[in-house]
Amino acid sequence: MEMKDTFNRATKWGPRFHVASKVTLFTMALVIVSATSIYVASTFNVWSLVSSLESLTTRTIASNGSEQWVNDTLVTIPANMSFSPTASNISILPVFEKYQQHHGGANNLGNPLTTALFTNHGWLQFFTSGALLLPATAQDHTLKGADILTNLVKKGITDQATGVVRLPLIQQLLALGSRVPISGQGSSISYVDLRKATQPDLMASAYDTYRNGTPPPFVSSGEFIKCGVRAGKEVGHLVALPFWDYINRADISPDGWRMNFGLPLTEALPFTLKDHQVAHHMLIQVFAYGGLLLDQDIRNGSGQPLIQLLQTGTDYLRTLDLPALVAKAKQRAWVQKEAVLFKAPGEDQQAVAHVGQNFPLALLGHTKWIHQTLWYDAQWTTPNSTFTGWISSSHITFTSPGNVAGWAATDALSPDLQAYLASLDPHAGVVVYDITNQRYYTYNGASPFVTASSIKVLIMLTFFDMIERQGRDPDDTEMNMLTTMIENSNNDSASELYYHRIGGSSGIVNFLQKIGVNGLVPSSDADGWGYSLITPQMMVDVLALLQKGRIMVDRHRIVALQLMQNVQDDQRFGLGTTAPAGATVALKNGWVVGPDNQWAVNTSGIVTVKQETYVVAVYTRGLASMDSGIAILEQVCRTVAAQLA
């Protein structure tokens with residue numbers, strides 16, 4: 001730190017100061033004599049010149065930016081004093097997250113107040129004590145115009161590594177003369193008072209600062225910072241010792257106090273804050289990029305007075321309300337946690353779809369603020385339909401999750417399908433996986449259902465895994481058993497393979513653990529393989545791995561799919577009888593009546609038509625007849641085909 005810019009810390013009020021130049025008066029005299037000579041020659045008014053010289057010698061030339069408010073008289077009544085920080089967990093735009101990691105994070109910006117907002121200047125996010133902007137283009141760093149955001153960008157600090165601009169909200173609050181009370185309704189001052197305290201003429205020299213007056217509590221020492229020049233003397237502000245120690249902490253100002261806080265704009269100012277009828281004696285000091293508050297009546301864990309950041313982000317939004325947005329049409333977004341899309345903005349509106357993590361959306365360009373929550377008008381599509389709904393901004397992200405699948409309820413695929421399944425609940429479970437577009441649609445997808453003959457697919461895949469580990473192909477007898485088990489649903493062939501070849505339930509369990517799939521509860525070997533329990537999600541997961549060639553060598557995969565494609569006609573109900581013309585369908589159905597005389601019927605398989613491939617598993621339980629189960633399967637599969645094929 002250069003000596004010319006700061007005054008060494010004083011341990012008491014003492015006369016440490018820089019002495020002004022002794023030649024100042026002599027220089028002024030020479031100027032006046034010269035001016036008099038000019039008057040004689042040209043009748044120049046020497047008294048006007050003297051007046052101008054006096055003005056020049058007493059005028060404060062500020063270097064901290066405080067001269068911008070000298071003649072400001074604007075006063076702004078708060079637009080939304082009801083705005084308060086939300087308790088919800090708002091995510092930070094990843095590039096802002098990277099910025100925070102390198103520049104002090106929540107220690108000098110506070111917690112996020114809003115989600116990332118798309119404006120005509122780029123991505124904007126407000127925090128309790130600041131705001132960050134990621135310009136849409138490099139040119140936005142040098143924007144032309146007089147709107148508030150443009151001015152803030154021009155005055156902001158740009159991080160060269162990320163391109164992020166930290167916006168100096170405190171400067172705009174001072175320019176506006178915001179009437180927002182500092183620290184709450186019980187405060188004795190507002191930003192109008194702070195603006196008055198920034199006047200350059202209030203700066204003092206180091207000598208005057210340390211000598212004159214009685215210091216307020218906690219300001220018996222500090223650091224003098226040069227913020228201007230007056231009459232040849234360096235003038236500035238004394239940063240109160242507690243504030244000086246605070247802004248020099250590495251965790252608070254990793255880039256140094258000048259970068260994180262900037263030059264002081266005021267002295268440490270006392271004020272009173274009444275909180276629940278209790279008076280707190282406060283100090284506030286304002287800097288170029290923010291402010292600090294000290295509560296003399298509250299101590300931190302170390303017994304020191306509590307210091308907090310001035311909540312400029314909150315106060316800015318209370319002054320001007322939430323900003324108008326320019327939502328980019330067709331802007332891509334992804335759901336980051338379970339959410340509901342509504343017919344109109346607001347959680348009291350009619351729900352149109354339920355979506356989950358990584359589900360892709362396209363924003364249509366319309367936004368609306370409701371109760372401090374930003375809502376986006378969004379669109380999503382299936383191969384054959386387009387849907388729209390409003391989603392809260394807190395549930396979405398604009399950063400692609402990469403090559404992963406998105407999740408949604410079946411109402412995002414077909415509202416009619418969702419309504420139909422709801423009328424059957426809890427007797428049906430459905431999972432659809434659109435492999436081509438990487439989207440899952442589920443209804444009771446994690447609920448257990450009786451496998452019946454659908455477990456024969458798992459028996460077949462476990463068998464192929466076993467012989468691959470043995471380094472061989474199936475012999476003729478084994479191939480015959482596989483064929484009759486899958487194509488004809490022969491139970492004797494299934495039992496022979498299950499009990500005498502793959503090792504029963506433990507063989508299947510070991511295979512599923514190997515491929516990383518969960519969701520099967522095998523029955524005891526004595527009760528029979530068909531009474532095992534499975535989730536629709538597990539069956540879809542296994543079939544998707546089979547289709548993608550992830551669980552066996554290609555020649556065995558081809559055999560497995562061919563067997564499932566050649567299931568005999570009377571066993572192709574459900575998925576097989578509802579697939580579009582020309583589709584290739586590899587499936588296996590199951591049906592069994594339980595001890596209570598109620599039926600469990602299911603269909604599951606892989607459908608490929610043109611450029612589209614999808615996997616479906618539909619399971620039912622507690623039905624009066626097999627025919628009622630088949631009717632459910634075909635209604636569901638027909639609706640799915642209408643959307644995807």
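- Between Ile391 and Val335 there is a side-chain heavy-atom pair separated by less than 4.5 Å.
- Scanning both residues, Ala412 and Ala408, for their nearest heavy atoms gives CB-CB, 3.6 Å.
- Side-chain contact check for Leu113 versus Tyr316: every heavy-atom pair is 4.5 Å or farther apart.
- Side-chain polar atoms of Asn589 and Thr603 form a donor-acceptor pair below 3.5 angstrom.
- When the side chain to side chain contact (heavy atoms under 4.5 Å, CB included) test is applied to Trp599, the partners found at least two apart in sequence or on another chain are Trp591, Val593, Val601, Leu623, Met626.
- Looking only at side-chain heavy atoms (C-beta outward), Leu109 and Gln100 come within less than 4.5 Å of each other.
- In the displayed structure, Lys548 atom NZ is contacted under 6.0 Å by more than 12 heavy atoms of other residues, nucleotides or ligands.
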Donor-acceptor contacts, no H, no angles, side chain residues 397-404, under 3.5 Å, sequence neighbours left out:
{"residue": "Thr397", "atom": "OG1", "partner": "Thr399", "partner atom": "N", "Å": "3.2"}
{"residue": "Ser400", "atom": "OG", "partner": "Gly402", "partner atom": "N", "Å": "3.1"}
{"residue": "Asn403", "atom": "OD1", "partner": "Gln438", "partner atom": "NE2", "Å": "3.3"}

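- With sequence neighbours excluded, no residue forms a ring-ring contact (aromatic ring centres under 6.0 Å, His included) with Phe83.
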Let me check something: any side-chain donor-acceptor pairs from residues 166-173 under 3.5 Å, sequence neighbours excluded? List them with distances.
{"residue": "Arg166", "atom": "NH1", "partner": "Asn260", "partner atom": "O", "Å": "2.9"}
{"residue": "Arg166", "atom": "NH2", "partner": "Asn260", "partner atom": "O", "Å": "3.3"}
{"residue": "Gln171", "atom": "NE2", "partner": "Ala288", "partner atom": "O", "Å": "3.0"}

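- Listed by first and then second residue, the side-chain hydrogen bond (donor to acceptor under 3.5 Å, both in side chains) pairs involving residues 339-354 are His354-Asp411 (not counting sequence neighbours).
- With hydrogens and angles left out, the side-chain atoms of Asn444 and Asp425 include a donor and acceptor closer than 3.5 Å.
- Going from atom CZ of Arg318 over to atom OG of Ser178 covers 10.0 Å, rounded to the nearest 0.5 Å.
- Between Gly445 and Pro536 the shortest heavy-atom distance is O-CD, 3.3 Å.
- To the nearest 0.5 Å, the span separating CZ on Arg621 from OG on Ser447 amounts to 5.5 Å.
- Closest approach of Pro580 and Ala641 over heavy atoms only: CD-CB, 4.2 Å.
- If you look at Trp380 and Phe387, their ring centroids are closer than 6.0 Å.
- Thr436 places none of its side-chain heavy atoms less than 4.5 Å from the side chain of Gln611.
- Taken from CG in Leu461 to CZ in Arg557, the straight-line distance is 11.5 Å, to the nearest 0.5 Å.
- With a 4.5 Å cut-off on side-chain heavy atoms, Trp407 and Thr442 count as touching.
- With Tyr433 as the aromatic partner, Arg439 does not meet the cation-pi criteria of under 6.0 angstrom to the ring centre and within 45 degrees of the ring axis.
- Under a 3.5 Å cut-off, the side chain of His366 and the backbone N or O of Asp377 do not form any donor-acceptor pair.
- Summarising the geometry of Thr128 relative to Gly110, their closest heavy-atom pair is OG1-CA, 3.2 Å, with the distance given to 0.1 Å.
- Atom OG of residue Ser183 and atom CG of residue Leu310 lie 7.0 Å apart, to the nearest 0.5 angstrom.
- Within a 6.0 Å sphere centred on CD of Gln101, other residues, nucleotides and ligands contribute more than 12 heavy atoms.
- The backbone N or O of Asp251 lies less than 3.5 Å from a partner atom in the side chain of Asn107, making a donor-acceptor pair.
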*May I have the step-by-step check of side-chain hydrogen bond (donor to acceptor under 3.5 Å, both in side chains) for Asn80 and Ser82, ending in yes or no?*
CA-CA 5 Å; Asn80 184 8; Ser82 64; 2.4 Å; yes

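- A distance of 10.5 Å separates NE2 in His556 from CG in Asp554, rounded to the nearest 0.5 Å.
- A heavy-atom distance below 4.5 Å is not found between the side chains of Leu132 and Val165.
- Listed by first and then second residue, the side-chain hydrogen bond (donor to acceptor under 3.5 Å, both in side chains) pairs involving residues 633-645 are Thr382-Gln643, Ser385-Gln643, Thr577-Glu634 (not counting sequence neighbours).
- Between the side chains of Thr76 and Tyr191, no donor-acceptor pair of N or O atoms lies under 3.5 Å.
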*asked:* Between Asp159 and Thr162, does the side-chain hydrogen bond (donor to acceptor under 3.5 Å, both in side chains) criterion hold? Intermediate values first, please.
replied: CA-CA 6 Å; Asp159 175 48; Thr162 61; 2.6 Å; yes

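- In terms of heavy atoms, Ala405 sits closest to Asn358 at O-CB, 3.5 Å.
- In this structure, Glu468 contributes its side chain and Val553 its backbone to a donor-acceptor pair below 3.5 Å.
- When all heavy atoms of Tyr619 and Met539 are compared, the pair lying nearest together is OH-CE, 3.6 Å.
- Heavy atoms of other residues, nucleotides or ligands lying less than 6.0 angstrom from CD of Gln379 number more than 12.
- The distance from the CG atom of Leu633 to the CG atom of Leu575 is 9.5 Å, given to the nearest 0.5 Å.
- Atom NZ of Lys98 is surrounded by 12 or fewer heavy atoms from other residues, nucleotides or ligands within 6.0 Å.
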